[in-house]
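Naming: A, B, ... by sequence-line order, numbering from 1 per chain.
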2 protein chains.
Amino acid sequence: MADDPGTRSGTGQTRRRGAALEEAILRAAVDELTESGYAALTMEKVAARAGTNKNAVYRRWPNRLALGIAAYRQLSTTVPLPDTGELRGDVLAFLRLANRHWSSPLGAILRELLSAAGGAPELLARMQGQSGDAAAAPWLTILGRAVARGEAAPEALHPRVATVAIVLLRNEYVVRGVPTAPDEVLVEIVDEVFLPLVRRRGPSSG
Amino acid sequence: MADDPGTRSGTGQTRRRGAALEEAILRAAVDELTESGYAALTMEKVAARAGTNKNAVYRRWPNRLALGIAAYRQLSTTVPLPDTGELRGDVLAFLRLANRHWSSPLGAILRELLSAAGGAPELLARMQGQSGDAAAAPWLTILGRAVARGEAAPEALHPRVATVAIVLLRNEYVVRGVPTAPDEVLVEIVDEVFLPLVRRRGPSSG
DNA sequence: CAACTAAGGTACGTTACGTACCTTAAATCG
DNA sequence: CGATTTAAGGTACGTAACGTACCTTAGTTG
């Protein structure tokens with residue numbers, strides 16, 4: 001920010017307005033969020049870093065959580081869906097991507113935001129959408145391919161079934177208290193639970 | 001607390017010491033926690049309610065989180081393991097117990113504490129232990145009975161398999177943003193995922 | 001140009017965590 | 001029993017940060 005042309009310099013008297021200022025604030029929030037996480041994100045620090053003051057921030061975002069969420073959304077990326085040509089490979093690859101994501105600083109930030117957003121379902125839904133592995137759609141795609149290849153039973157094409165692997169992985173995080181799991185665990189989830197579940201289907205109760 | 005004999009009354013000059021005071025503080029913390037949750041639990045209010053001051057509280061618990069956890073532990077109860085004589089009934093009954101627990105004020109408190117405890121694995125482990133449905137042991141017991149009765153395949157006797165139902169239920173909470181799920185969901189989890197998983201076991205990859 | 005708007009600057013009320021320090025009742029020790 | 005020690009009771013306060021209020025001023029619009 002030393003020589004940023006948009007900066008309000010002591011002598012320059014040039015005020016950023018509208019989108020330019022909003023962008024500067026967002027960038028500052030992103031930087032603070034990635035450096036220190038959500039808990040340490042303060043309106044004061046973001047404003048200072050953006051070279052403005054809290055008024056400008058509050059004029060755009062009603063509160064700290066909203067700003068945190070906006071900053072997070074700047075950071076999130078979409079993950080490419082793996083296509084290895086076989087079910088086990090696809091699922092393992094996608095699980096590994098997810099594992100990497102959740103063990104990254106980004107994962108911790110997301111968890112903090114989810115916790116702070118505690119009671120707001122729509123907000124939660126929007127946050128979930130940012131973590132690509134949470135939705136059923138990509139998993140259904142992977143499973144759909146497997147069904148087409150004859151690797152899985154057609155009855156297994158159900159969102160809750162399709163997402164079992166990722167759900168189990170996230171449960172591992174809870175149990176372990178850390179947002180990462182060793183690769184053997186991923187392999188075990190796939191081989192001991194997921195594959196048996198989708199390949200042969202016993203009769204369900206009537 | 002109107003006529004509690006242990007109370008330091010204005011004229012009585014009788015100070016509670018040691019365990020008696022600790023108990024009074026804990027009781028106050030429990031009351032505050034159940035009435036207002038962890039976020040609204042303050043050291044000031046607990047101390048006032050216990051008829052003491054923050055020094056006494058801080059002499060026993062290093063910080064607010066520790067006090068919150070101690071109070072929570074006073075509250076937690078053990079749930080009886082259902083035994084309906086058949087697998088589906090057992091699993092459904094235990095899931096229903098869990099659903100009721102997590103949708104109770106106690107569940108919200110636990111979630112708050114887990115979130116506040118964010119980076120401390122041992123602490124987390126201890127908290128988890130308080131929520132009886134999280135551990136694998138009861139689920140393995142239920143599944144073990146089913147295996148003995150011939151209702152489930154012996155290879156399914158694995159902690160990760162046994163806990164699939166409860167893990168899926170908790171994922172429902174995350175997806176919904178509320179700590180409760182309709183009974184049809186519980187039934188679906190059991191019938192669509194859990195029972196097919198444990199009854200017939202396809203070959204796992206070598 | 002005047003009016004309006006948003007940016008920049010400053011101040012402040014409120015809340016609560018946690019710490020420090022003092023007085024005093026109660027327990028312990030010689 | 002008196003002296004010493006310890007913990008309880010009481011009070012004060014530094015700090016941090018959220019969010020609000022208000023004022024000045026640069027920039028835009030009609």
Query - A:R64 CZ to D:dC18 C1', straight-line distance once rounded to whole Å - result: 9 Å
Query raised in the report: Excluding sequence neighbours, so at least two apart, what forms side chain to side chain contact (heavy atoms under 4.5 Å, CB included) with B:E151?
Result: B:E86, B:L87, B:A146, B:R149
Query - N/O (side chain, B:R17) to phosphate O (OP1/OP2, D:dT5) under 4.0 Å - result: no
Query raised in the report: Rounding to a whole Å, what distance do you find between A:M43:CE and D:dA16:P?
Result: 19 Å
Requested in this report: Kindly say if B:T52 contacts the phosphate of D:dA8, meaning a side-chain N or O under 4.0 Å from OP1 or OP2.
Outcome: no
Query raised in the report: NA contact type, A:R59, heavy-atom cut-off 4.0 Å: base, sugar-phosphate, or nothing?
Result: base
Report task. Find the distance A:L65:CG to D:dG19:C1' and express it as a whole number of Å. Result -> 15 Å
Query - Separation of D:dC18 P from A:N63 CG (nearest whole Å) - result: 11 Å
Report summary line: Walking DNA chain D from its 5' end, the first of B:K54 and B:G18 to be reached, judged by nearest nucleotide, is B:G18
Requested in this report: Could you tell me the separation between the CG atom of A:L21 and the C1' atom of C:dG8, rounded to a whole number of Å?
Outcome: 10 Å
**Report entry** Intermediate values then yes/no, salt bridge (charged side-chain N to carboxylate O under 4.0 Å, His left out), A:E32 and A:R27
**Finding:** CA-CA 9 Å; A:E32 285 291 321; A:R27 213 178 319 126; over 6 Å; no
Report summary line: Atom CH2 of B:W61 and atom P of C:dG18 are separated, to the nearest Å, by 14 Å
Query raised in the report: More 5' along DNA chain C: B:T42 or A:N53, using each one's nearest nucleotide?
Result: A:N53
Query raised in the report: Under 3.5 Å, is there a donor-acceptor pair linking the side chains of A:N53 and A:Y58?
Result: no
Query raised in the report: Within this structure, what is the CZ-to-C1' distance between A:R15 and C:dA7, rounded to whole angstrom?
Result: 4 Å
Query raised in the report: Does the cation-pi check pass for A:R64 over A:Y38, that is, NZ or CZ under 6.0 Å from the six-membered ring centre and within 45° of its axis?
Result: yes
Query raised in the report: Side-chain N or O of B:R16 less than 4.0 angstrom from OP1 or OP2 on C:dA27?
Result: no
Query - Short N-O contact, A:R160 and B:E172, less than 4.0 angstrom - result: yes
Query raised in the report: If you look at every strand shown and take non-hydrogen atoms under 4.0 Å, does B:I25 touch a base, only sugar-phosphate, or nothing?
Result: nothing
Query - Value in whole Å for how far the P atom of D:dG19 lies from CZ of A:R60 - result: 17 Å
